[in-house]
Amino acid sequence: MIYLDNNATTRTARAAIDAMQFYFNECYFNASTSTAAFTGADRPREDAAAAMATLLNAEDPTCFIFTSGATESNNWLFAALEKNVLRGRVIVSAIEHPSISEPATAIEANGFEVLEVPVDDQGVIRLDLLEDMLTAETRLVSIMAANNETGVLQPISEIGRLVRRVCPSAVFHTDATQAVGKISIDLQENWSDVDMLSFSAHKFHGPKGVGGLYFRSGLELTPLLLGGGQEHGLRSGTTNTPGLAGLAAAARGVDLCAADKIASLRDQFEAHIKAALPVSIHSSHASRLPNTSCFSIQGILGDELAQSLAGAGIIVGTGSACSSGATQPPKTLLAMGVNYQTANSSIRVSLSSETTFDELLIALETLTLLNKELCSFSK
Ligand code: PMP
């Protein structure tokens, strides 16, 4: 199998599996009892917080709360807002993942005013329009760091500075699910205006079903789940010690030095595919994640192509990974003004540090063959 869908999920790293195995087989004790310091069951959470603080250069490991992943972290943000804040304006981008856009729509029904910042034709948010939208009533600005479909990076430092300057009381959140582990993030330097940040371990070679929320010291968060008082009383439920041990190992294993090699493979792949096929590569003039290529081949449905590739043992993404199987074209491309037919023809190739040039060559050859077959079918 040639796996080119690493924005959907990644292979769990060996070190993460080994770390988890110990907490499944040997140290399977409860992390929240008074004996945890003796059994060692309190270690994974501490390790996970320390590893995330190092990876993102956060000011303190206590700024991390662990959840089942980014979907939960993103939903929590809106639940906390509803409980805490009287009412006001919420600003999100037009290309957010559904775990942001759907709760945003839901709180609109409860009296919040929700505005979507448009993106330009490369998928970068319009800072001028964001500035116009910021008012003293703005409670929350949530803009994703990297788009899951195109890989486009948003100017998080500039957005943060803008929010601080125009509306200092607003909370600035970024869904960094696709960015963590792929680009350098520094919460005390270039991202020092980010108040909250969501992530999922399985996007950076950790296990599925574990992730978290960073929140800057001094910010208050209302509890999401009530019960045993775990996660400093904010998110009750028996601590997922194997998951956290895996997350910690994966975070420690992130190697940002691989980014240049990955980007070079992606660029070679795009150069080859442009020479061989009638393709449009989306967002190629924007700053992108090093591993992502989203393109449309004229006259072929993206979903059909992805299924034929899967039949040939090559896994790529179509649309949003979370809605794979759906025939809807990626909403990000539509928001960029790409026409419906072209958007519907798109597929996404997303690499990891494990991807080889030979795998990409096989994918290219197969794409070329399938292009001939699928085009002659549609004639
Ligand atoms: N945000 C973004 C940008 C994503 O790509 C995803 C996963 N596709 C999520 C949030 C949700 O992550 P999870 O499914 O791990 O909760």
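Atoms within a ligand are numbered from 1 in the order they appear, just like the ligands themselves. All values reported here derive from a predicted model rather than from experimental measurement.
Residue Met144 has at least one heavy-atom neighbour below 4.0 Å for each of these atoms of ligand 1: 3 (C). Heavy-atom contacts of His202 reach the following atoms of ligand 1: 13 (P), 15 (O) (cutoff under 4.0 Å). In the vicinity of Ser200, heavy-atom distances shorter than 4.0 Å reach the ligand 1 atoms 12 (O), 13 (P), 15 (O), 16 (O). Residue contact check: Asn148 has heavy atoms under 4.0 Å from atoms 3 (C), 5 (O) of ligand 1.
By the criterion of side-chain heavy atoms lying less than 4.5 angstrom apart, applied directly or through intervening Ile, Leu, Val, Met, Phe, Trp or Tyr residues, Leu221 is not grouped with Val141; the two fall into different hydrophobic clusters. When hydrophobic clusters are built by joining Ile, Leu, Val, Met, Phe, Trp and Tyr residues whose side-chain heavy atoms come closer than 4.5 Å, directly or via intermediates, Tyr23 is not grouped with Phe29.
Between Gln178 and ligand 1, an N or O atom pair is found at a separation short of 3.5 Å.
Contacts between Thr71 and ligand 1, counted as non-hydrogen atom pairs separated by less than 4.0 Å, involve both the backbone and the side chain. When heavy-atom distances to ligand 1 are checked against a 4.0 Å cut-off, Ser99 comes that close only through its side chain, counted from C-beta outward. At a heavy-atom cutoff of 4.0 Å, ligand 1 is contacted by no atom of Glu72, backbone or side chain. Here Lys208 has no heavy atoms under 4.0 Å from ligand 1, in either its backbone or its side chain.
Note on Asp195 versus Arg164: salt bridge recorded, some NZ/NE/NH1/NH2 to OD/OE distance being below 4.0 Å. Salt-bridge check for Glu137 with Arg87: failed, with every basic side-chain N at 4.0 Å or more from each acidic carboxylate O. Salt bridge status for Glu116 with Lys331: absent, with no side-chain N to carboxylate O gap under 4.0 Å.
Arg348 pairs with exactly one of Thr292, Asp5, Thr318, Asn148 by the side chain to side chain donor-acceptor pair (under 3.5 Å) rule, that one being Asp5.
Classification of the Phe204-Phe199 ring pair by plane angle, with boundaries at 30° and 60°, yields tilted.
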